[in-house]
Protein chains: 2
Amino acid sequence: MTDTIISSAGREVVIGFDRPFVVIGERINPTGRKLLAEEMKAGDFSRVEADAIAQVAAGANVLDVNAGIPLADEPALLAQAIRLVQSLSDVPLSIDSSVVEALEAGLEAYQGKALLNSVTGEEERLERVLPLVKKHGAAVVAICNDDSGISMDINERFEVAKKIVNRAADYGIPACDVVVDPLVMPVGAMGDAGVQVMQLIHRLRTELKVNTTCGASNVSFGLPNRPGLNPTFLAMAIGAGMTSAITNPLESSLMQAVRGADVLMNHDPQCANWIAANREPGAQGSRRRRGGRRRPPAKA
Amino acid sequence: MTDTIISSAGREVVIGFDRPFVVIGERINPTGRKLLAEEMKAGDFSRVEADAIAQVAAGANVLDVNAGIPLADEPALLAQAIRLVQSLSDVPLSIDSSVVEALEAGLEAYQGKALLNSVTGEEERLERVLPLVKKHGAAVVAICNDDSGISMDINERFEVAKKIVNRAADYGIPACDVVVDPLVMPVGAMGDAGVQVMQLIHRLRTELKVNTTCGASNVSFGLPNRPGLNPTFLAMAIGAGMTSAITNPLESSLMQAVRGADVLMNHDPQCANWIAANREPGAQGSRRRRGGRRRPPAKA
């Protein structure tokens with residue numbers, strides 16, 4: 001019954017075994033989004049603003065904020081993006097960077113208890129990131145790779161998670177503030193990627209007793225109809241014990257799977273959220289902000 | 001690694017732990033379908049014919065055939081329906097009735113090794129149905145209720161399943177020929193119905209080592225947007241170990257979840273079925289035979 005509490009100045013979100021699934025919106029990330037990268041670098045944050053508002057409207061519980069732009073002042077950009085997003089919405093944020101200075105600048109700009117994304121099992125990362133987590137009283141995403149890379153053996157990935165949790169404890173960070181990312185591999189390249197990650201999620205929950213998150217859409221990389229496969233993966237991963245995911249809340253089929261999984265895990269009392277989201281024909285479709293064309297209402 | 005083999009004269013289908021999920025088409029059933037009931041009673045089987053063809057085209061691996069019409073000669077109707085469906089398609093059939101004489105007539109009309117649907121833990125049913133299963137060398141669906149009704153305690157439902165498997169063994173029917181239906185309750189009425197049935201499915205698979213099936217759509221009874229919830233349930237149940245379901249293959253979102261779950265369970269080598277089903281935009285939609293309006297092609 002592990003609860004990871006994160007917060008903004010005005011709102012608390014709990015990632016937990018007996019809680020509704022937490023969706024961490026992934027959109028505010030210039031990686032692979034050339035236009036967004038150029039705009040942010042030039043000081044134009046209008047798309048960040050729009051992405052923040054749209055993701056919260058679509059049901060994101062937390063927003064991931066990343067400003068990883070080559071040859072830009074990432075710490076300054078990340079701090080700026082965080083201040084902006086916090087001025088627009090009170091959802092807690094995940095501060096996302098591979099640059100420790102950017103994580104630090106983000107934490108300093110942030111109001112509340114952030115989710116820091118991320119630390120790995122690499123020695124240098126552990127030594128630099130964990131003190132920051134402790135200093136700011138944050139929670140942290142722990143990714144299951146270490147100095148030897150990503151192991152294809154889930155037992156080794158489990159051991160990396162264990163090492164990070166133990167190392168965090170050395171710094172006075174409780175296990176409930178470590179949210180483990182088991183690393184989702186593309187099932188198109190590795191047939192047992194789905195089965196393996198579900199086993200690992202189950203072990204992380206039952207043996208290490210930690211909350212988990214993942215970049216859920218990675219599972220379908222390289223396959224056709226990715227939006228058709230991702231919700232099925234998410235449902236299965238939630239059934240296996242996963243408690244949050246960094247993903248795209250603007251995919252309505254994905255949010256439908258999350259809401260459905262909450263019902264089926266008995267995390268939606270009286271099915272109130274499900275009923276509210278599906279009250280009128282087209283209720284799901286009308287929250288869809290991207291793509292222009294609306295889907296026809298679901299058949300009741 | 002339990003395999004339940006069922007067959008027609010020309011085709012074998014295996015329900016198994018390491019096999020693609022088996023979809024048993026539920027449509028040929030006059031219960032709640034007034035028009036179909038009237039037509040069948042009057043000797044008009046054109047809708048049975050159409051339902052058989054459409055379900056097989058949509059990807060059903062097995063067809064359930066039920067002729068339960070009040071005040072009709074159910075044994076004769078069921079035998080006639082079975083002969084007709086077997087003349088149209090070589091998918092194996094599930095012979096479905098609550099009337100033992102109809103099950104018997106169905107088995108006599110059937111070519112191959114049928115799935116008999118069903119026996120329960122009720123003493124009278126065990127004594128009348130199991131000898132038929134043995135005599136005809138069929139497999140049988142075992143429903144987890146007994147003379148005391150349906151228990152809301154999954155431990156008791158597990159014990160009923162165990163009793164049926166043991167009783168079947170007394171008649172010389174191996175456990176691999178017993179496919180247990182754990183009974184899916186509506187989650188709208190019973191909040192823990194989803195969690196409980198997933199635990200029961202897991203126990204049936206790991207402890208009793210039997211294949212499982214269920215009437216999957218029952219889970220969403222009474223809730224809005226049932227076609228939006230059922231695929232999520234199916235994905236989670238497959239993740240928990242379920243190996244077949246009696247459901248509606250004409251729901252394209254449901255078949256998409258089944259195909260996706262096969263990929264994620266590593267039961268679709270090289271993702272060949274997934275890729276084939278999603279090769280061209282609209283490939284899923286174009287298999288949809290009912291409802292008139294086609295859905296727009298899935299976004300690639």
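- Interface residues of residues 196-220 of chain A toward chain B, defined by a heavy-atom distance below 4.5 Å and sorted by number: A/Met198, A/Val219.
- More than 12 heavy atoms of other shown residues, nucleotides or ligands fall within 6.0 angstrom of atom CZ in B/Phe17.
- To the nearest 0.5 Å, the span separating CE on A/Met190 from CG on B/Asn266 amounts to 9.5 Å.
- Top candidate by heavy-atom pairs under 4.5 Å with chain A, chosen from B/Ala189, B/Gly194, B/Gly191, B/Gly188, is B/Gly191.
- At a heavy-atom separation below 4.5 angstrom, chain B is approached by A/Leu229, A/Thr232, A/Phe233, A/Ala235, A/Met236, A/Ile238, A/Gly239 within residues 229-242 of chain A.
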